[in-house]
Amino acid sequence: MVVIGAGQAGLSAAHHLQRAGADFVVLDADAAPGGAWQHRWSSLRLDRANGIADLPGLPLTGDPAERASTAMARYFAEYEAHFALPVRRPVAVRRVTRTDDGFALDTGEGTWTTRGLVNATGTWSRPFWPAYPGRGTFRGRQLHAAQFPEAADFADQHVLVVGGGISALQLLVEVAEVTRTTWVTRRPPVWRDTDFDPDAGRAAVALVEQRVRAGLPPGSVVSVTGLPVTDEVRRARERGVLDRLPAFDRMTPTGVGWDDPRRELDVDVVLWATGFRAALDHLAPLHLRVPGGGIVVDGTRVVAEPRLHLVGYGPSASTIGANRAGRTAVQELLATLAG
Ligand code: FAD
């Protein structure tokens, strides 16, 4: 059995494969443990994350004020060592094709064959940049949230933050501490003044589940639970930082423009906090995408290819969802292979 990816979802699957006594290997493209967490911006601390679930069988400990990137990289490394998980890295899977009794995986390190496959490749390597007319003409700096350095880098520049999710909000508030900002979101932001509501969380997951079952692109589960109103956010609101503008229609050499009413805004930097897409290009040779643009998935099982499970995808794209998906995928896959 092969698991592709050693983030939360891949490690959870590995844990359950090991407990079941299965023969397996985890192939991971990164040079070091930590999944996508190791690459997240330095100001994202554990206590500013949205709630991080422990991996099965070993709790995450440490200082809540620590950077999530270092804390999670250390935790994943400890986890792999503690359970002696067979993780091979850096091994990037480039293409997955069908064989008579399973799959062949082309990697930079040779070809692997397997009867069953758990795909846990996350989204980090597929930052989403929306298309706008004139984007190539903009002479300022454009970067995606995935490349965010630190707020101080933008001192004295006018930064336009695009995106209505939690990452956009957090980065906006940080950058506004050091320089002038403008916020653009497609829809008016939805604020959450109360604590996270588990029922709302479950409803959000159910909605994404419905989408993937219908073969639609999943959308994000972590972004549909509303933007939390923290003290920091309240202060930013009082300073006018959160007065958002609607989506612009085009980019210009010096900024962005709206058509109705016609106006332009000059900025130095455009920060695209516009999310990510599932990193599934290596599965393209299997031709799993349906006209809706997604892959039809029931739970974690790919309906057109029952020996392939997607974990950390769609409804399981959160740390808690990834944990559960790893367990479900392994149980079902082992049952399928046992016939
Ligand atoms: P990842 O952690 O991305 O791991 C994927 C792994 O697959 C990587 O190690 C990568 O190297 C490897 N890989 C990718 N492609 C290949 C390939 N072709 N071949 C081999 N290996 C490959 N969730 C929460 O529950 N709480 C939070 O607070 C929270 N905060 C978030 C903040 C941000 C900014 C973002 C973007 C997401 C956040 N999430 C949060 C979501 C959460 O991080 C993920 O859903 C969760 O960690 C599951 O990760 P994963 O294992 O699916 O993917």
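Start at 1 and go down the list; that is how both ligands and their atoms are numbered. When reading the values below, keep in mind they use all heavy atoms of this one structure, side chains included, and skip hydrogens, waters and symmetry mates.
- Classification of the Phe83-His15 ring pair by plane angle, with boundaries at 30° and 60°, yields perpendicular.
- Between Ala29 and Pro90, the shortest heavy-atom distance links the atoms O-CB, 3.4 Å.
- Rounding to the nearest 0.5 angstrom, the gap separating the OH atom in Tyr132 from the CZ atom in Phe138 is 14.0 Å.
- Pairing each heavy atom of Glu109 with each of Thr107, the nearest pair is N-OG1, 2.8 Å.
- Which parts of ligand 1 touch Phe276 is read off a 4.0 Å heavy-atom cut-off, strictly below it: atoms 36 (C).
- Looking at ligand 1, you'll find an N or O of Thr319 within less than 3.5 Å of one of its N or O atoms.
- Residue Asp30 has at least one heavy-atom neighbour below 4.0 Å for each of these atoms of ligand 1: 8 (C), 9 (O), 10 (C), 11 (O).
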Note to self: For Gln142 and Trp129: C-alpha separation, side-chain torsions, deciding distance, then whether side-chain contact (heavy atoms from CB on, under 4.5 Å) applies.
What the structure shows: CA-CA 10 Å; Gln142 295 188 62; Trp129 298 69; 4.1 Å; yes
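- Checked for salt-bridge contact, Arg250 and Glu264 meet the test: a charged N lies under 4.0 Å from a carboxylate O.
- With ligand atoms numbered from 1 in the order given, ligand 1 contributes 51 (O), 52 (O) to contacts under 4.0 Å with heavy atoms of Ala9.
- Figure legend: Arg237 and Trp191 shown as a cation-pi pair, the cationic atom lying under 6.0 angstrom from the six-membered ring centre and within 45 degrees of its axis.
- Residue contacts with ligand 1, taken as heavy atom pairs separated by less than 4.0 Å, involve Val91 solely via the backbone atoms N, CA, C and O.
- The shortest N or O to N or O distance between Ala317 and ligand 1 is below 3.5 Å.
- Residue Ala36 has at least one nitrogen or oxygen atom sitting less than 3.5 Å from a nitrogen or oxygen atom of ligand 1, judged on distance alone.
- Ranked by closest heavy atom to atom 52 (O) of ligand 1, the top entry among Ala32, Gly10, Gly312 is Gly312.
- Shown in contact with Gly5 at under 4.0 Å from a heavy atom are these atoms of ligand 1, numbered in order with element: 6 (C), 7 (O), 12 (C).
- Close approach of ligand 1 to Leu27 is summarised as follows: ligand atoms under 4.0 Å from at least one heavy atom of the residue are 20 (C), 21 (N).
- Considering backbone and side-chain N/O of Ile52, none are found under 3.5 Å from N/O of ligand 1.
- Counting only non-hydrogen atoms, the option in Arg95, Arg126, Arg40 that gets closest to atom 35 (C) of ligand 1 is Arg40.
- Salt-bridge annotation for Arg234 and Glu232: absent, with no side-chain N of the basic residue lying under 4.0 Å from a carboxylate O of the acidic one.
- Distances below 4.0 Å separate heavy atoms of Ser167 from the following atoms of ligand 1: 34 (C).
- Between Asp28 and ligand 1, at least one pair of N/O atoms sits closer than 3.5 Å.
- Geometrically, ligand 1 and Val93 share a nitrogen or oxygen pair separated by less than 3.5 Å.
- Of all atoms in ligand 1, numbered sequentially from 1 with element shown, those under 4.0 Å from a heavy atom of Ala92 are 19 (N), 20 (C).
- Under a 4.0 Å N-O distance rule, the pair Asp268/Arg141 does not qualify as a salt bridge.
- Near Ser318, meaning under 4.0 Å from one of its heavy atoms, ligand 1 places the atoms 23 (N), 25 (O), 45 (O).
- Arg244 forms no cation-pi arrangement with Trp183, by the criterion of a distance under 6.0 Å to the ring centre and an angle within 45° of the ring axis.
- The side chain to side chain contact (heavy atoms under 4.5 Å, CB included) with Leu105 is formed by just one residue from the set Thr111, Thr97, Leu27; it is Leu27.
- Considering only non-hydrogen atoms, atom 47 (O) of ligand 1 lies nearest to Trp37 out of Trp37, Phe76, Tyr313.
- Checking Gly35, Ala120, Ala146 against atom 5 (C) of ligand 1, the nearest heavy atom belongs to Ala120.
- For Asp54 against Leu60, the heavy-atom pair with the smallest separation is OD1-N, 3.2 Å.
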